[in-house]
Structures are given as structure tokens and as C-alpha cells.
**Q** 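The structure under discussion is supplied below as C-alpha cells; questions concerning it will follow.
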Amino acid sequence: AAVEQGDVELFVRLCAVHQPRRIFGIGNAFGYSSLALSFACDNAPVDVLDAESEGVANRQGTELTRRIAREERRNIQVHVGSSPRDMPRVVSGRNGTYDLALIDGKHSDRNLVVDFLGLRGAMGP
């Protein structure tokens with residue numbers, strides 16, 4: 001399911017209270033959730049992993065996100081790869097500690113748990 005207005009409100013409230021220093025996301029599509037997190041969380045660095053498994057439109061979404069992030073001076077890095085397999089590569093290239101994670105995209109319950117477990121070691125206290 002796509003991120004909706006209520007989700008954005010949650011991002012704003014969560015970021016106002018928690019003030020994350022770094023954010024990790026799984027699933028980008030056209031970048032709405034990545035950009036919403038960036039704006040809601042005072043431009044905290046966002047690393048997002050997307051498999052681009054849905055064809056040409058998915059690749060265009062990655063490029064669109066990168067372009068908007070660049071133009072709006074948002075600290076967003078979109079990495080192409082599959083979760084949880086490619087998470088260590090993305091996480092190890094950064095400082096390795098994230099304060100907030102969003103597991104978005106097409107995920108079964110099993111995939112959500114596997115992604116959470118794969119990311120758990122990179123999460124701060």
C-alpha cells in the first residue's frame with residue numbers, strides 16, 4: 001500500500017518527538033515516503049534501498065527521487081538492491097547507526113520480519 005496523508009502526519013509527529021539523526025528506508029517507488037521523511041525530520045540523512053524490480057517506471061522513480069532531492073537540497077541517497085540481502089552493503093557504507101526505519105514496499109509478513117531482523121543491528125538505542 002502507498003504512503004497516505006495519515007502516514008505523513010505520523011512522520012511529522014514522530015520526528016518532532018524522536019528527532020532521528022539518520023533514517024533507513026526499504027522501498028522507494030517514486031520517492032514520496034523518502035521525501036516525506038526528509039521534510040518531516042528536518043533533512044536528517046535518509047538512506048533508502050529499492051530493488052527496482054517493477055520495471056522501467058521503478059528506475060524512473062529512483063531517478064526522479066534523486067533529482068528532486070538534489071534540487072531541494074535533501075539529504076537522500078537511493079541505493080539499488082534487494083532487502084535484506086543488500087542491506088549490509090548500504091549500512092556499512094554509512095555510519096551504521098539509524099534512529100528510524102521505514103519498511104515500505106511490497107512485503108509479506110515474513111519479509112517484514114526478515115527485513116527487521118536484518119536491520120536491527122544497524123539501529124541505535
Side-chain angles (χ1 to χ4, degrees):
V3 171
E4 297 180 4
Q5 186 172 346
D7 300 314
V8 174
E9 179 67 24
L10 175 63
F11 297 165
V12 170
R13 290 173 185 246
L14 183 64
C15 291
V17 172
H18 186 57
Q19 299 175 342
R21 293 168 295 148
R22 297 191 63 76
I23 302 166
F24 192 89
I26 299 173
N28 184 65
F30 281 89
Y32 184 70
S33 60
S34 301
L35 289 159
L37 281 167
S38 177
F39 280 98
C41 297
D42 198 29
N43 205 21
V46 177
D47 287 311
V48 62
L49 180 64
D50 192 276
E52 288 190 348
S53 60
E54 297 175 26
V56 175
N58 224 181
R59 284 189 294 281
Q60 290 171 338
T62 297
E63 290 308 314
L64 178 64
T65 304
R66 289 174 176 155
R67 188 177 83 227
I68 293 170
R70 187 173 50 252
E71 290 173 2
E72 296 296 322
R73 295 187 173 106
R74 306 317 297 175
N75 195 349
I76 299 172
Q77 300 297 317
V78 182
H79 307 272
V80 178
S82 297
S83 65
R85 183 187 70 216
D86 294 312
M87 281 195 284
R89 171 180 53 86
V90 175
V91 170
S92 68
R94 306 292 170 207
N95 74 0
T97 302
Y98 295 91
D99 301 307
L100 179 64
L102 174 67
I103 301 174
D104 196 6
K106 292 186 176 182
H107 282 81
S108 66
D109 290 344
R110 182 184 182 287
N111 291 97
L112 288 170
V113 171
V114 170
D115 282 342
F116 170 77
L117 294 173
L119 188 56
R120 182 172 57 177
M123 297 301 295

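Counting from 1, the numbers follow the sequence of the chain as shown.
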**Q** What heavy-atom pair brings Ser34 and Val46 nearest, and what distance separates the two atoms?
**A**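 Minimum heavy-atom contact is O-CG2, 4.4 Å.
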**Q** Is there a donor-acceptor pair under 3.5 Å between the side chain of Asp115 and the backbone N or O of Leu112?
**A**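 Here the side-chain-to-backbone pair does not exist.
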**Q** I'd like to know if Ile26 and Val114 are part of one continuous hydrophobic network [Ile/Leu/Val/Met/Phe/Trp/Tyr, side-chain heavy atoms within less than 4.5 Å].
**A**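 No, it is not one cluster - the side chains of Val114 and Ile26 are not joined through contacts under 4.5 Å.
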**Q** Would a single hydrophobic cluster contain both Leu10 and Val3, if residues Ile, Leu, Val, Met, Phe, Trp and Tyr are joined by side-chain heavy-atom contacts under 4.5 Å?
**A**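 Different clusters: Val3 never reaches Leu10 through Ile, Leu, Val, Met, Phe, Trp or Tyr contacts under 4.5 Å.
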**Q** Minimum heavy-atom separation for Cys15 and Leu100, please, with both atom names.
**A**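 For Cys15 and Leu100, the tightest heavy-atom pair comes out as SG-CD2, 4.3 Å.
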**Q** Just checking Glu71: does its CD atom have more than 12 heavy atoms from other residues, nucleotides or ligands closer to it than 6.0 angstrom?
**A**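 Buried by this count: over 12 neighbours within 6.0 Å.
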**Q** Give the minimum heavy-atom separation between Ala29 and Asn58, together with the two atoms involved.
**A**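 Smallest interatomic distance, heavy atoms only, reads CA-ND2, 3.7 Å.
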**Q** Within the structure provided, determine whether Thr62 and Glu52 are in side-chain contact (heavy-atom separation under 4.5 Å).
**A**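 Sidechains of Glu52 and Thr62: in contact.
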**Q** Same cluster for Leu14 and Tyr32 if Ile/Leu/Val/Met/Phe/Trp/Tyr side chains link at under 4.5 Å?
**A**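 Both belong to a single hydrophobic cluster.
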**Q** Side chain to side chain contact (heavy atoms under 4.5 Å, CB included) with Ile76: which of Asn28, Asp47, Leu35?
**A**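 The residue from Asn28, Asp47, Leu35 that satisfies side chain to side chain contact (heavy atoms under 4.5 Å, CB included) with Ile76 turns out to be Leu35.
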**Q** Of all heavy-atom pairs between Val8 and Ala36, which one has the smallest distance, and what is that distance?
**A**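 For Val8 and Ala36, the tightest heavy-atom pair comes out as CG2-CB, 4.1 Å.
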**Q** Does any non-hydrogen side-chain atom of Met87 lie less than 4.5 Å from one of Leu119?
**A**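 Sidechains of Met87 and Leu119: in contact.
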**Q** Which atom names give the shortest non-hydrogen contact between Ile23 and Ala44, and what distance separates them?
**A**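 Minimum heavy-atom separation between Ile23 and Ala44: CD1-CB, 4.1 Å.
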**Q** Should Arg66 and Glu63 count as side-chain neighbours, where that means a heavy-atom distance under 4.5 Å?
**A**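 Side chain of Arg66 against side chain of Glu63, heavy atoms only: contact under 4.5 Å found.
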**Q** Exactly one of Leu49, Thr97, Leu37 should register a side chain to side chain contact (heavy atoms under 4.5 Å, CB included) with Phe24. Which one does?
**A**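 It is Leu49; the other options fail the test.
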**Q** Between Thr65 and Gly31, which heavy-atom pair has the shortest distance, and what is it?
**A**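 The answer is OG1-CA, 3.1 Å.
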**Q** Starting at OG of Ser38, measure out to CD1 of Ile68 and round the result to the nearest 0.5 Å.
**A**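 That separation rounds to 11.5 Å.
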**Q** Any donor-acceptor pair under 3.5 Å linking the side chain of Asn43 with the backbone of Arg73?
**A**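 Looks like yes, one N/O pair under 3.5 Å.
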**Q** Answer yes if Val17 and Phe11 sit in the same cluster of Ile, Leu, Val, Met, Phe, Trp and Tyr residues linked by side chain heavy atoms under 4.5 Å apart, and no otherwise.
**A**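 No, no single cluster joins them.
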**Q** Do Val90 and Val80 share a hydrophobic cluster (ILVMFWY, side-chain heavy atoms under 4.5 Å, transitive)?
**A**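 The answer is no; the residues belong to distinct hydrophobic clusters.
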